[in-house]
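First comes the structure, then the notes that go with it.
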Amino acid sequence: MNGDEPVFKKSKWGTSRYVYNPNNPVGLALIVVSSVLVIVMLVLMENRSGPFAPSPSPTWSPPASQDPWPFPATTP
């Protein structure tokens, strides 16, 4: 590997697109880290865990009193 290589290089697929350069150690590290992060996020999405976990459903609790509210007026 040559340390004089740039971290990013122009892509062969477009005119203004840049990609990581695997000939540079930093570029190779960025490729590995990006791949690991994508795989971890896909696994978390598939298992519906972490930030992709469904919010817990609210639990029902009975009212404190069974009296009707508002209390009916006794005088008109």
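- Counting heavy-atom neighbours within 6.0 Å of Tyr18 OH, excluding the residue itself, gives a total of 12 or less.
- By the criterion of side-chain heavy atoms lying less than 4.5 angstrom apart, applied directly or through intervening Ile, Leu, Val, Met, Phe, Trp or Tyr residues, Ile39 is not grouped with Leu37; the two fall into different hydrophobic clusters.
- Within the model, atoms NZ of Lys9 and OH of Tyr20 stand 14.0 Å from one another, a figure rounded to the nearest 0.5 Å.
- Residues Val43 and Val38 are members of separate hydrophobic clusters, defined by side-chain heavy-atom contacts under 4.5 angstrom among Ile, Leu, Val, Met, Phe, Trp and Tyr.
- No donor-acceptor pair under 3.5 Å is formed between the side chain of Asn47 and the backbone N or O of Ser49.
- For the side chain to side chain contact (heavy atoms under 4.5 Å, CB included) criterion with Val7, the lone passing option out of Asn23, Asn21, Leu30 is Leu30.
- Heavy atoms only, all atoms of each residue included: Asn24 and Val26 are closest at OD1-N, 2.8 Å.
- Annotation for Pro22 and Leu28: closest pair O-CB, 3.9 Å, computed over non-hydrogen atoms.
- Scanning all heavy atoms of the two residues, the minimum distance from Val19 to Ser11 falls at CG1-CB, 4.0 Å.
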